[in-house]
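Worksheet: the structure to be examined is printed underneath.
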Amino acid sequence: MAEHPRATAYRALLVAQVRAQTQYRFSFWLDAVSSSVVSLLDIVAVLVLFRATPALGGFSVRQCLLIASLGNVAFSLADAVVGNIDTMRQYIRTGRLDSILLRPMGVLPQLVFGDFAPRRLGRVLQSGLVLAGTLIWLDPQWTAGRVVLVVAAPLAGAVIFGSVFVAGSTVAFWFVESGEFANAFTYGGRDFTLYPISIYPGWFRKIFAYGLGFAFVAYYPALALLGLPDPLGAPPALAWCSPLIALPAVLAAALVWRVGVRHYRSTGS
């Protein structure tokens with residue numbers, strides 16, 4: 001079966017971007033290692049907290065490490081695939097978005113494939129290794145459902161994070177200098193998912209955990225993997241709902257993106 005012309009074009013964009021960024025190998029590997037180290041510091045920060053307390057939100061150090069590891073894998077996957085979408089405001093400010101709109105291809109795929117950063121894959125690998133090590137340390141009672149969940153939860157979490165990335169970047173269509181606003185939900189959401197949601201105040205938890213769906217990135221999947229009840233009293237079924245939350249997140253992000261693209265009226269330059 002012949003490959004669709006658009007798929008061929010997207011693949012060419014991706015290959016060209018990878019070749020360009022790996023042209024200088026020392027710089028590429030330095031960036032990849034640096035990105036992995038920065039990601040590892042998020043896990044170290046969780047461990048440091050337990051030097052001052054034996055439990056956090058009712059969870060032990062190993063249980064919190066599982067939550068942080070799941071959140072880190074999900075964010076790393078989303079950041080590797082669509083994290084570069086936060087450069088949207090630069091495209092709008094400089095007028096480069098106009099040239100993208102003129103091409104007979106989707107705007108979002110062009111931005112994703114055209115600015116793909118392969119160095120971020122090192123962060124994905126590092127976070128995956130930490131998750132694997134944490135699961136070995138915890139040694140949960142494995143069932144078929146938990147095996148599926150340990151794979152599906154990070155993927156669903158990545159979809160949720162990716163949707164937030166896209167929706168947050170779309171704000172630049174109305175407010176060009178919206179970077180900090182978007183970061184409050186993307187990188188702020190990453191920090192939120194590293195800890196049990198039981199440590200956050202009620203109103204803050206309602207917005208981030210349930211309103212934006214971040215509770216389903218790591219917290220509830222971790223409860224299912226550990227076989228623990230929710231200290232907040234939520235029904236056990238929520239622990240398996242990450243894929244169900246990812247779907248409306250994608251639909252909402254797609255709607256916001258579509259409205260934003262239609263709103264765009266060029267820079268006038």
Side-chain angles (χ1 to χ4, degrees), residues 14 18 21-22 25-51 56-57 59-84 116-162 164-165 186-197 214-228 239-240 242-243 246:
L14 179 61
V18 172
Q21 294 198 27
T22 56
R25 295 185 179 180
F26 177 77
S27 177
F28 169 78
W29 287 112
L30 182 61
D31 286 345
V33 172
S34 299
S35 177
S36 299
V37 170
V38 170
S39 176
L40 187 60
L41 290 177
D42 294 331
I43 301 298
V44 173
V46 175
L47 296 176
V48 168
L49 287 176
F50 282 90
R51 293 181 62 87
L56 189 64
F59 293 85
S60 68
V61 59
R62 291 192 295 176
Q63 293 166 346
C64 284
L65 190 58
L66 177 61
I67 294 172
S69 300
L70 286 169
N72 213 9
V73 172
F75 180 84
S76 298
L77 285 169
D79 189 44
V81 177
V82 297
N84 53 348
F116 179 72
R119 67 182 183 276
R120 292 177 176 173
L121 295 177
R123 184 172 187 170
V124 176
L125 177 61
Q126 175 269 318
S127 60
L129 291 175
V130 172
L131 175 59
T134 302
L135 289 171
I136 293 173
W137 188 20
L138 280 166
D139 191 24
Q141 296 296 318
W142 289 107
T143 62
R146 287 175 179 171
V147 171
V148 172
L149 183 64
V150 81
V151 175
L155 294 177
V159 171
I160 294 172
F161 269 123
V164 175
F165 266 112
T186 52
Y187 293 95
R190 177 202 61 187
D191 294 340
F192 182 91
T193 59
L194 296 180
Y195 304 94
I197 66 172
F214 287 134
F216 300 90
V217 171
Y219 178 73
Y220 283 123
L223 291 181
L225 290 172
L226 295 168
L228 296 176
W240 303 88
S242 296

Shortest non-hydrogen contact between A239 and A224, atoms and distance: CB-CB, 3.5 Å
Interatomic spacing from CG in L70 to CG in L149 - rounded to 0.5 Å: 8.0 Å
From Y195 atom OH to F59 atom CZ, the distance as rounded to the nearest 0.5 Å: 15.0 Å
Audit row: L131, L66, side chain to side chain contact (heavy atoms under 4.5 Å, CB included) steps and yes/no: CA-CA 7 Å; L131 175 59; L66 177 61; 3.9 Å; yes
Sequence neighbours excluded, every pair satisfying side-chain hydrogen bond (donor to acceptor under 3.5 Å, both in side chains) that has a member inside residues 137-150: none
ring-ring contact (aromatic ring centres under 6.0 Å, His included) against F192, all qualifying residues, sequence neighbours excluded: Y200, F204, F208
CG on L47 to CZ on R62, rounded to 0.5 Å: 13.0 Å
Residue pair R190, T186: steps toward the side chain to side chain contact (heavy atoms under 4.5 Å, CB included) verdict: CA-CA 6 Å; R190 177 202 61 187; T186 52; over 6 Å; no
Backbone of V217 reached by a side-chain donor or acceptor of S242 within 3.5 Å: no
Residue list, side-chain hydrogen bond (donor to acceptor under 3.5 Å, both in side chains) with S69, at least two apart or on another chain: T134
Test item: V130 and N72 side chains (from C-beta on) under 4.5 Å apart, heavy atoms: no
From CG (L77) to CZ (F161), nearest 0.5 Å: 11.0 Å
